[in-house]
Amino acid sequence: MAHEGTIAYIEDIARHEGERVVIRGWLHARRSSGRIHFLTIRDGSGFIQAVMSKAAVDEPSFLRADHLTQETALIVSGTVRADGRAPGGFELDVAALEVVGESADYPITPKEHGVDYLMDRRHLWIRSERQSAVLRVRAEVVSAVRAFFDDRGFVLADAPIFTPAACEGTTTLFPVRYFDDATAYLTQSGQLYNEANAMALGRVYCFGPTFRAEKSKTRRHLSEFWMVEPEVAYATLDDIVELAEDLVVSVVARVLERRQPELRRLERDTSKLELVRKPFPRITYDEAVAILNGKGQRFEWGGDFGAPDETLLASAFERPVAVTHYPSAVKAFYMEPAPGRPEVALCVDVLAPEGYGEIIGGSQRIADYDLLVRRIQEHGLPPEAFQWYLDLRRYGSVPHGGFGMGIERVVAWICGLDHLREAIPYPRTLNRLYP
RNA sequence: UCCUCAGUAGCUCAAUGGCAGAGCAUCCGGCUGUUAACCGGAGGGUUGUAGGUUCGAGUCCUACCUGAGGAGCCA
């Protein structure tokens, strides 16, 4: 049974209406009705229903199709036909079918499965309609982030993964043996190196995996996650907030423009995403505390917001909200104090709507040498580890700032996921290191 | 680290302390438009582990193991 036609991908199928095409993929699902088989084929770019009627193919092919199992690799060829009954608008009338690879007892059936079961089979789960849609959105988010910075004159200057000590000192680090008798730590942020890079290159960003050994067990945490971190020389807090705003708007717009089929498959209410435009509401920490207390959430000035506080705060707005000027005491050691009000920092958190919480955290950095030394001491950090960082304040120090945006949180928000583990191909969590 | 919940067929789940069950998946048969198709039939069990209470434990008690959600911390 020879194949005729041009090799096509399902996402481009509309361009081939009426033509004879060859699709190379896998069997996603099969339904049968005596003299007609319905085969849902996936090829990585999309899903399409292939219709095989008994009259159109030879007898052995028809019988064979009735016994194809889920995820059998196959090549089908036939004619593309527009059909209002098909979810994608098109179907394929099969003329020839060839099995490339068998698949016996595929473990993920079209019925329900538990989280642990699916996570143990993550390498197969990503073949599903929903998971593959999320990963395609993720790729678009990453692409949009890179395009945003590249188009604005930012230089990609990556930070190391192996680091000699804590960047912020507070969170737990993953130690790894570094050659014979040294200990390195997996990075939890590229920021300090980013600051050095900004002094060299002006506007920079780094983008890579970061690691946190926090024993968090929630839907908002991973022990390995991807973060993009811009850093800008001569930037003030206002510049940083505006940059964060522009980035989020740009990423959401790009996904809306290019990933509608995926968002539909995820049943995402895109009207909420359409609202993500400039300007975002900006409030100070003081105002945020007042909002919380006004909503009946008793919150005392001075603490950091918990997840329920963030959700309640964000629910007061339909766009992402930028919260600035947190108490210095709950923030990192390198944040610049506000002029005339040193108990608060020139920092910003951007909270996503719909309960997704903090997606961005950033600040203006301390430019003054003496103040930075004092802060390092106050936080009990080892001064010798920060000598290179202090050099940045010894040699031509300038005001500067930046932020970090967690990619998985952004993907989870845009896709409407209820857990970060679906926003990355192979999530690493407290209890998950396989596959 | 703490709090709460859950482990029964390949999967998702039932089962007043009293015969171990259903749906799906698999296999066989039927059906010309199915969308988690449908209809009929068959096979499929060391109830997470170790003890204990009881005439009798999937069910009650103790310890442990595994997982989930949340807190703290963070993106």
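A note on names: the letters A, B, ... follow the listed sequences, proteins ahead of strands, and every chain is numbered from 1.
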| message | If you take any heavy atom closer than 4.0 Å to RNA chain B, which residues from residues 279-292 of chain A end up in contact? | response | none
| field | Step-by-step side chain to side chain contact (heavy atoms under 4.5 Å, CB included) determination, A:Ile75 to A:Val100 | value | CA-CA 7 Å; A:Ile75 297 175; A:Val100 178; 3.7 Å; yes
| message | Under 4.0 Å, heavy atoms only, any strand: does A:Ser32 hit a base, just the sugar-phosphate, or nothing? | response | base
| B:U26 P sits how many Å from A:His67 NE2, rounded? | 11 Å
| task | Could you list by number each residue of residues 301-315 of chain A showing a heavy-atom separation from RNA chain B of less than 4.0 Å, or answer none if no residue does? | result | A:Asp304, A:Ala307, A:Pro308
| said: Could you check whether any side-chain N or O of A:Ser223 sits under 3.5 Å from a backbone N or O of A:Arg428, counting only pairs where one atom can act as donor and the other as acceptor? | reply: yes
| Residue-phosphate contact under 4.0 Å: A:Arg30 side-chain N/O, B:A36 OP1/OP2 | no
| Given A:Trp226 and A:Ile424, is the side chain to side chain contact (heavy atoms under 4.5 Å, CB included) satisfied, shown in steps? | CA-CA 9 Å; A:Trp226 284 64; A:Ile424 185 170; 4.1 Å; yes
| query | Is A:Ser216 side chain donor-acceptor paired with the B:G72 base, going by distance under 3.5 Å alone? | reply | yes
| request: Could you tell me the separation between the OH atom of A:Tyr326 and the P atom of B:A75, rounded to a whole number of Å? | output: 10 Å
| request: Give the rounded distance in Å between these two atoms: NZ of A:Lys215 and P of B:C73. | output: 17 Å
| request: Starting at atom CZ of A:Arg220, determine the distance to atom C1' of B:G70, rounded to an integer number of angstrom. | output: 8 Å
| query | What is the nucleic acid contact for A:His221, judged by heavy atoms within less than 4.0 Å: base, sugar-phosphate only, or nothing? | reply | base
Show every donor-acceptor pair shorter than 3.5 Å between a side-chain atom in residues 412-420 of chain A and any protein atom, with sequence neighbours excluded, or say none if there are none.
unit_1	atom_1	unit_2	atom_2	d
A:His419	ND1	A:Arg421	N	3.0
A:His419	NE2	A:Arg421	NH1	3.2

| message | If you apply the rule side chain to side chain contact (heavy atoms under 4.5 Å, CB included), what do you find for A:Leu92 with A:Phe90, and how did you get there? | response | CA-CA 7 Å; A:Leu92 186 76; A:Phe90 294 91; over 6 Å; no
| task | Kindly write out the residues that satisfy ring pair (Phe, Tyr, Trp, His ring centres under 6.0 Å) with A:Trp26, not counting sequence neighbours, or none if the list is empty. | result | none
Which side-chain N or O atoms in residues 345-354 of chain A pair as donor and acceptor under 3.5 Å with protein atoms at least two apart or in another chain?
unit_1	atom_1	unit_2	atom_2	d
A:Asp349	OD1	A:Lys331	NZ	3.4
A:Asp349	OD2	A:Tyr326	OH	3.3
A:Asp349	OD2	A:Lys331	NZ	3.2
A:Glu354	OE1	A:Arg268	NH1	3.1
A:Glu354	OE2	A:Arg268	NH2	2.9

| query | Is there a donor-acceptor pair closer than 3.5 Å between any side-chain N or O of A:Gln70 and the backbone N or O of A:Ile108? | reply | yes
| note | Sorted by number, residues from residues 414-432 of chain A placing a heavy atom under 4.0 Å from RNA chain B are A:His419, A:Leu420, A:Arg421, A:Asn431
Which protein N or O atoms sit under 3.5 Å from an N or O of nucleotides 9-12 of chain B?
unit_1	atom_1	unit_2	atom_2	d
B:C11	O2'	A:Glu112	O	2.7
B:C11	O2'	A:His113	ND1	2.7
B:U12	OP1	A:Gly114	N	2.7
B:U12	O2'	A:Glu112	OE1	3.0

| field | Protein-nucleotide distance (A:Arg35, atom CZ; B:U34, atom P), rounded to Å | value | 16 Å
| said: Taking A:Ile36's backbone N and O only, do any of them form a donor-acceptor pair with A:Ser53's side chain (distance below 3.5 Å, no angle check)? | reply: no
| message | Nearest whole Å is fine: how far is B:A36 P from A:Ile108 CD1? | response | 18 Å
| field | Proximity of A:Phe280 and A:Phe317 rings by center, below 6.0 Å | value | no
| Rounded to whole angstrom units, what separation is found between the CZ atom of A:Phe62 and the P atom of B:G30? | 12 Å
| Presence of donor-acceptor pair under 3.5 Å, side chain of A:Arg409 and base of B:C74 | yes
| Involving RNA chain B, stems made of at least three consecutive Watson-Crick or G-U pairs, both distances under 3.5 Å | B:1-7 with B:65-71, B:10-13 with B:21-24, B:26-30 with B:38-42, B:48-52 with B:60-64
| note | So side chain to side chain donor-acceptor pair (under 3.5 Å) across residues 245-255 of chain A, not counting sequence neighbours, yields A:Glu140-A:Arg254, A:Ser143-A:Arg254, A:Asp246-A:Lys278
| message | Using ring centroids (six-membered ring only for Trp), state whether A:Phe149 and A:Phe207 fall under 6.0 Å. | response | no
| query | Starting at CD1 of A:Ile407 and ending at C1' of B:A75, how long is that distance when rounded to a whole Å? | reply | 10 Å
| request: Go through the structure and list residues passing ring pair (Phe, Tyr, Trp, His ring centres under 6.0 Å) with A:Phe174, not counting sequence neighbours. | output: none
Give every donor-acceptor pair under 3.5 Å between a side-chain atom in residues 10-19 of chain A and any protein atom, sequence neighbours left out.
unit_1	atom_1	unit_2	atom_2	d
A:Glu11	OE1	A:Arg136	NH2	2.9
A:His16	ND1	A:Glu19	OE1	2.9

| task | Assign a letter to each nucleotide of nucleotides 3-8 of chain B from its 5' end: B, base within under 4.0 Å of a protein heavy atom; S, sugar-phosphate only; -, no contact. | result | ------
| query | Do A:Arg365 side-chain atoms and A:Gly402 backbone N/O form a donor-acceptor pair below 3.5 Å? | reply | yes
